[in-house]
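So the structure is just underneath, and the comments pick up after that.
Atoms within each ligand, like the ligands themselves, are counted from 1 in listed order.
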Amino acid sequence: MKRTILIHYHEINLKGNNRGWFETCLERHVARLLGGLETASIRRFAGRLLVELTADSPTGEITRRLEKVFGVANFIVAREVPAELEDIEAELALLVSSTRFHSFKMDCRRGTKEFPLDSQQLNRRLGAFVQERTGAEVRMEGAEAVFGLEIVKGRAFLYLSRIQGAGGLPSGSGGKVLCLLSGGIDSPVAAWRMMRRGCRVHHVHFHSYPHTTVESQEKVRRLLGILSRFQLESTLWMVPFAEVQREIVAYAPPALRVVLYRRFMVRIAEAVARNEKTAALVTGDSLGQVASQTLDNIRTISAAATMPIFRPLIGDDKEGIIRIARAIGTYETSIQADQDCCSLFIPRHPETAADPEKAERAESGLDVAHLVENAMAGAARETISADFARGPDPGPPDD
Ligand code: ATP
Ligand code: MG
């Protein structure tokens with residue numbers, strides 16, 4: 001008997017000619033993800049990905065990491081034997097004797113046709129085998145134990161549970177985007193959504209040090225460590241924003257400050273995006289959530305951009321966003337107190353219906369190009385690695 005993990009693809013199965021590309025991205029990602037952990041091999045096998053384990057493989061850690069791999073529908077941690085009825089029954093007997101249950105069902109799948117019994121015949125035959133040995137009741141709904149069997153190309157995989165994958169598309173298959181990452185709840189979820197669609201997400205954070213604390217920057221690094229569990233490593237640009245804010249406060253109408261902050265963030269983010277060769281920007285905006293996120297303000301902010309801005313949370317409500325934040329493990333960090341630069345110098349009644357012309361007039365006293373250049377000159381580029389050790393473990397996202 002060998003211990004093996006068999007990974008089933010998610011949407012990749014719907015792909016036509018470019019399926020190979022998606023498989024390559026997934027295989028590469030899994031190989032890097034498990035790189036530091038003991039495994040015998042990782043390879044493609046009959047439209048699946050196969051991870052062979054050794055006696056020393058840390059199965060629990062491997063499983064936890066695989067739960068965060070996009071492009072995976074589900075996977076099984078299996079005991080592998082040759083696809084011969086005798087071998088299968090002998091291994092099933094061992095599995096049954098080490099499992100406590102009063103009711104059970106069989107879930108057999110014949111993935112390739114060369115085995116003489118089909119899935120239904122296998123279910124009946126092995127169901128009778130288990131019943132004979134244990135006297136347990138067969139139950140189709142609510143069984144205490146489900147014994148799974150998958151037969152693929154001369155190999156049989158026996159398992160007790162099928163683990164839900166993260167869905168989506170493999171990391172790196174969808175191009176590169178740049179996320180404007182604050183320390184809040186929303187933008188990490190927006191970044192995660194884009195990662196789930198296969199994007200490699202780079203990040204930019206604006207800080208107003210010394211008006212805001214270095215702890216706020218640390219918090220963003222921690223958040224990105226958690227988010228990087230889904231893509232292993234992330235680029236983070238830390239950009240000083242105090243000068244831009246001082247100029248806006250000095251020369252533009254107070255009601256427009258937040259919208260103007262955002263327009264500058266977008267411009268500076270585009271300069272970062274050009275450096276990183278990313279094709280689009282991503283923000284955590286959700287329509288109407290706060291004053292800066294009215295339709296008019298969003299339009300006015302977008303008018304400062306030349307690249308597409310993706311807002312994957314635009315139609316989500318806060319409860320739904322929080323649910324995802326909890327599931328992906330960012331929530332607990334996001335709610336820790338911080339000082340976002342955008343909360344500085346904000347009037348009691350910010351504009352909720354800005355228009356691009358008004359914003360341009362307000363910016364006419366500012367040297368836009370110079371401010372963007374200066375911010376870029378002070379920017380620092382960092383690489384943040386996946387933090388597998390710290391923070392709550394993600395549960396399965398349910399959206
Ligand atoms: P979040 O929870 O993501 O902070 P929010 O509800 O607090 O969102 P805003 O503060 O209005 O909303 O920010 C809207 C979006 O602008 C954020 O989701 C983020 O993409 C971007 N943003 C805001 N502040 C910053 C910052 N300091 N650095 C980078 N991006 C930011
Ligand atoms: Mg915020």
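- Close contacts between ligand 1 and Thr283 involve ligand atoms 20 (O) [criterion: under 4.0 Å to a heavy atom].
- In the hydrophobic clustering of this structure, Leu227 groups with Phe310; members are Ile, Leu, Val, Met, Phe, Trp, Tyr whose side-chain heavy atoms approach within less than 4.5 Å, directly or through other members.
- Geometrically, ligand 1 and Ile185 share a nitrogen or oxygen pair separated by less than 3.5 Å.
- Contacts between Leu181 and ligand 1, counted as non-hydrogen atom pairs separated by less than 4.0 Å, involve the backbone only.
- Atoms of ligand 1 lying under 4.0 Å from any heavy atom of Gly184, numbered from 1 in the order shown and given with element: 1 (P), 2 (O), 4 (O).
- Side-chain atoms of Ser98 come within 3.5 Å of backbone N or O of Leu94 as a donor-acceptor pair.
- Where the criterion is an N or O separation shorter than 3.5 Å, residue side chain and backbone included, Phe206 meets it with respect to ligand 1.
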Please evaluate residues Asn275 and Trp237 with respect to the criterion side-chain contact (heavy atoms from CB on, under 4.5 Å), reporting the C-alpha separation (whole Å), side-chain torsions for both, the decisive distance (0.1 Å), and the verdict.
CA-CA 11 Å; Asn275 258 283; Trp237 286 67; 3.9 Å; yes

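- The closest side-chain donor-acceptor pair between Gln293 and Arg311, if any, does not fall under 3.5 angstrom.
- Annotation: Asp186 places an N or O atom under 3.5 Å from an N or O atom of ligand 1; distance criterion only.
- Short contacts between ligand 1 and Leu180, defined as distances under 4.0 Å to a heavy atom of the residue, involve ligand atoms 19 (C), 20 (O), 21 (C), 29 (C), 30 (N).
- Put simply, the side chain of Glu144 gets close to the backbone of His102: a donor and an acceptor are under 3.5 Å apart.
- Any N or O atom pair closer than 3.5 Å counts here, and Met265 shares no such pair with ligand 1.
- By the ring pair (Phe, Tyr, Trp, His ring centres under 6.0 Å) test, Tyr261 pairs with no residue at all, sequence neighbours left out.
- Rounded to the nearest 0.5 angstrom, Thr283 OG1 and Leu180 CG are separated by 7.0 Å.
- Taking CG from Leu260 and OG1 from Thr300, the interatomic distance works out to 9.5 Å, rounded to the nearest 0.5 Å.
- Residue contact check for ligand 1: His207 places no non-hydrogen atom closer than 4.0 Å to it.
- With atom 13 (O) of ligand 1 as the reference point, the heavy atom nearest to it among Arg262, His205, His203, Gln217 is part of Arg262.
- Between Val204 and ligand 1, no N or O atom pair is found at a separation short of 3.5 Å.
- For the residues Ser182, Ala325, Gly284, the heavy atom positioned nearest atom 25 (C) of ligand 1 is part of Ser182.
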